[in-house]
Amino acid sequence: MNLITTIITITIALSVILAIVSFWLPQMTPDHEKLSPYECGFDPLGTARLPFSLRFFLVAILFLLFDLEIALLLPLPWGDQLSSPLLTFLWASTVLVLLTLGLIYEWLQGGLEWAE
């Protein structure tokens with residue numbers, strides 16, 4: 001019971017300290033962009049039919065793809081507790097190799113170049 005009480009006390013104290021620090025830490029220097037209801041860089045009063053950069057869209061899709069890779073590899077440390085951990089690591093290595101080959105292909109095709 002003493003261990004559980006200590007853990008709960010530490011977590012509550014850490015949460016309170018982090019909450020207090022988060023109110024003190026940010027610099028309050030509002031400017032025109034921060035006071036705007038939209039911080040995305042688009043003018044909210046203009047037309048909604050602005051051209052959208054396809055290059056930006058492709059880079060965002062690549063970011064999501066490699067972010068998904070991290071989510072797929074999160075349970076990997078528990079793979080050594082399975083009946084066949086070698087098979088788990090083989091599948092994880094296969095996913096990593098495929099994504100690395102895809103990244104190399106995109107790099108060679110110029111898909112990661114932001115400006116021409």
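The analysis underlying the following values was restricted to heavy atoms, covering all of them including side chains, and did not include hydrogens, waters or symmetry mates.
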Between Thr100 and Leu96 the two heavy atoms that sit nearest each other are OG1-O, 2.6 Å
Just how far is it from atom OG of Ser22 to atom CG of Leu25, taken to the nearest 0.5 Å?
-> 8.0 Å
Output all residues satisfying side chain to side chain contact (heavy atoms under 4.5 Å, CB included) with Ala92, sequence neighbours left out; order by chain, then residue number.
-> Leu73, Leu76
Taking only residues two or more places apart in sequence, or in another chain, which ones meet Ile10 in a side chain to side chain contact (heavy atoms under 4.5 Å, CB included)?
-> Thr6
Supply the members, apart from Leu87, of the Ile/Leu/Val/Met/Phe/Trp/Tyr cluster built from side-chain contacts under 4.5 Å; use none for a lone residue.
-> Leu90, Trp91
Who pairs with Leu18 by side chain to side chain contact (heavy atoms under 4.5 Å, CB included), at least two apart in sequence or on another chain?
-> Leu14
Between atom CG of Leu99 and atom OG1 of Thr94, what is the distance when rounded to the nearest 0.5 Å?
-> 11.0 Å
In terms of hydrophobic clustering (I, L, V, M, F, W, Y; side-chain heavy atoms under 4.5 Å; direct or indirect links), are Val95 and Leu103 co-clustered?
-> yes
Given a cutoff of under 4.5 Å between side-chain heavy atoms of I, L, V, M, F, W and Y, with clusters grown through shared members, what are the other residues clustered with Leu108?
-> Ile104
Please report, to 0.1 Å, the donor-acceptor pairs under 3.5 Å made by any side chain of residues 57-64, with sequence neighbours excluded.
none

Gap between atom OG1 of Thr9 and atom CD1 of Ile4 - 0.5 Å precision | 11.5 Å
